[in-house]
**Student:** 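Attaching a single structure in structure tokens format; questions to follow.
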Amino acid sequence: MTEPVTAAPPIDKPIEEYAEPALGTGLLLALTLAWLAVCLLGTRFAFPTAVAASLLAGSAAGLTTISVLAERGWLLRPPVRFGFAALAGAAIGVLALIAILIAHGTDTVAVVFAVTVGVAGVLGGTLGAAPPRPIATAGLTATLGAFVASFAVYSFREPLIAVFGYGTSDASRYAAAGWFAATEAVLSAVVAGLLAFWALRRIGRLTGATPRWPAYLLAGATPGLLLVLGEAITRIGGASLFNHPVSAFDRTVLSISGSSRVNHALVVLFLGAIVATVAFGRTLPRRAEDSD
């Protein structure tokens, strides 16, 4: 009697050669779409937030599309693979664009907003097909976790800045805001790194493969990379809005806000990568155990 071919792959084979099942990426896509809906329709609707959410959902759509095609045995050449992924991201971008126009009208600001968010979806779809699928899955899972963690911290903004010494003087308010921003970035990065580690370990157990440390590094850095790219898209797409004549105070506010987002993205990028790598290192056997 012939045994079914269900054995796990060799454990010494790198995880980059395996892939998360389409069911897993489909769940990730559903969660990122829910997050995009929250960002577009919720109370914290803002240009950078919507762009980042569209970038994430587009990436998940591209990844899921490639996973489905691969499970059907369609081994696509890179240009075709990226094309399908871009189309999936474009579908997300179009949905976001329509939602923005319906909710906010068709004036110049809303149209620029909608088009920029739509373009972010297309670019996200393309990015979803770039790295090996296990790393992409772990990285996007970490990104969603980082975004939700940032939102959760922001929800407690008032009591937190009070703890950080928010007072009546400008100096105390500036210091409290700085401590709050640092706390939000660090917690988001820690969540991102731990989720990237967990997701890769989970995929490794399912496939029998061995994730190597660069996979953890890249997956942990993915949330920060998407935030940096989202900031670039925001500034390029919104240039026609940000460059309108504004007061000196408005220019200062825009500059501080932009710098804060960049700092947040960089902290999440580097610290997320470090946390994921350190978490992986903690699972390695000690030298004394190896020598025994």
Side-chain angles (χ1 to χ4, degrees), residues 15-16 18-39 49-71 81-82 84-86 88-93 95-96 117 120-151 188-204 206-207 211 214-231 233 265 268-269 272-273 275-276 279:
I15 196 171
E16 289 83 354
Y18 297 99
E20 174 78 347
L23 178 62
T25 57
L27 176 60
L28 177 61
L29 173 60
L31 293 175
T32 57
L33 284 175
W35 176 249
L36 177 61
V38 169
C39 293
T49 305
V51 168
S54 180
L55 197 59
L56 172 60
S59 299
L63 174 62
T64 301
T65 300
I66 299 304
S67 298
V68 171
L69 294 177
E71 285 197 352
R81 183 171 70 248
F82 280 102
F84 274 106
I92 301 300
L95 289 176
V117 171
V122 178
L123 292 178
T126 305
L127 291 175
R133 279 182 283 147
I135 298 177
T137 302
L140 295 182
T141 300
T143 303
L144 178 61
F147 287 1
V148 173
S150 178
F151 180 82
S188 299
V190 171
V191 170
L194 293 178
L195 274 178
F197 166 76
W198 169 82
L200 273 177
R201 292 280 289 183
R202 171 183 170 275
I203 298 173
L206 290 176
T207 61
Y216 291 96
L217 183 71
L218 181 56
T222 298
L225 292 173
L226 287 183
L227 283 171
V228 171
L229 179 58
E231 180 64 21
I233 296 172
V268 173
L269 193 162
V275 169

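Please read these numbers as outputs of a predicted model, since none were measured by experiment.
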**Student:** Could you pull out the closest heavy-atom pair between Ala61 and Ala88, with the gap in Å?
**Tutor:** O-CB, 3.6 Å
**Student:** For Ala219 versus Leu200, what's the shortest heavy-atom pair and its separation?
**Tutor:** CB-CD1, 4.0 Å
**Student:** Tell me every residue that passes side-chain contact (heavy atoms from CB on, under 4.5 Å) with Leu95, counting only those two or more places apart in sequence or in another chain.
**Tutor:** none
**Student:** Is it true that a side-chain atom of Thr64 and a backbone atom of Thr25 form a donor plus acceptor pair closer than 3.5 Å?
**Tutor:** yes
**Student:** Counting N and O atoms only, with roles assigned by atom type, does the side chain of Thr32 sit under 3.5 Å from a partner on the main chain of Leu29, one being a donor and the other an acceptor?
**Tutor:** yes
**Student:** Determine the minimum heavy-atom distance between Ala142 and Pro223, stating which atoms define it.
**Tutor:** C-CG, 3.7 Å
**Student:** How long is the gap from OG on Ser59 to CG on Leu144, to the nearest 0.5 Å?
**Tutor:** 12.0 Å
**Student:** Tell me every residue that passes ring-ring contact (aromatic ring centres under 6.0 Å, His included) with Tyr216, counting only those two or more places apart in sequence or in another chain.
**Tutor:** Phe197, Phe280
**Student:** Can you measure from CG (Leu31) to CG (Leu27) and round to the nearest 0.5 angstrom?
**Tutor:** 4.5 Å
**Student:** So Leu127 and Leu229, side chain to side chain contact (heavy atoms under 4.5 Å, CB included) or not? Walk me through it.
**Tutor:** CA-CA 11 Å; Leu127 291 175; Leu229 179 58; 3.3 Å; yes
**Student:** Rounded to the nearest 0.5 Å, how far does CG of Leu195 lie from CZ of Arg202?
**Tutor:** 12.0 Å
**Student:** Rounded at 0.5 Å granularity, tell me how far OG1 in Thr137 sits from CG in Leu28.
**Tutor:** 6.5 Å
**Student:** What are the two closest non-hydrogen atoms of Val117 and Ala50, and how far apart are they?
**Tutor:** CG2-CB, 3.9 Å
**Student:** Determine the interplanar angle of the Phe151 and Trp35 rings, folded into 0 to 90°, and report it as parallel if under 30°, tilted if 30 to 60°, perpendicular if over 60°.
**Tutor:** perpendicular
**Student:** How long is the span from the CD1 atom in Ile135 to the CG atom in Leu218, to the nearest 0.5 Å?
**Tutor:** 5.5 Å
**Student:** Can you name the nearest heavy-atom pair linking Thr222 to Leu140, along with the distance?
**Tutor:** CG2-N, 4.4 Å
**Student:** Taking all non-hydrogen atoms of both residues, which atom of Gly125 and which atom of Ala85 are closest, and how far apart?
**Tutor:** O-CB, 3.1 Å
**Student:** The test is side chain to side chain contact (heavy atoms under 4.5 Å, CB included); show your working for Leu56 and Leu36 and say whether it passes.
**Tutor:** CA-CA 8 Å; Leu56 172 60; Leu36 177 61; over 6 Å; no
**Student:** Start with the C-alpha gap between Leu55 and Leu227, add the side-chain angles, then the distance that decides, and say whether side chain to side chain contact (heavy atoms under 4.5 Å, CB included) holds.
**Tutor:** CA-CA 9 Å; Leu55 197 59; Leu227 283 171; over 6 Å; no
**Student:** Any donor-acceptor pair under 3.5 Å linking the side chain of Ser67 with the backbone of Leu63?
**Tutor:** yes
**Student:** Could you check Thr143 against Phe147 for side chain to side chain contact (heavy atoms under 4.5 Å, CB included), going step by step and ending with a plain yes or no?
**Tutor:** CA-CA 6 Å; Thr143 303; Phe147 287 1; 3.6 Å; yes
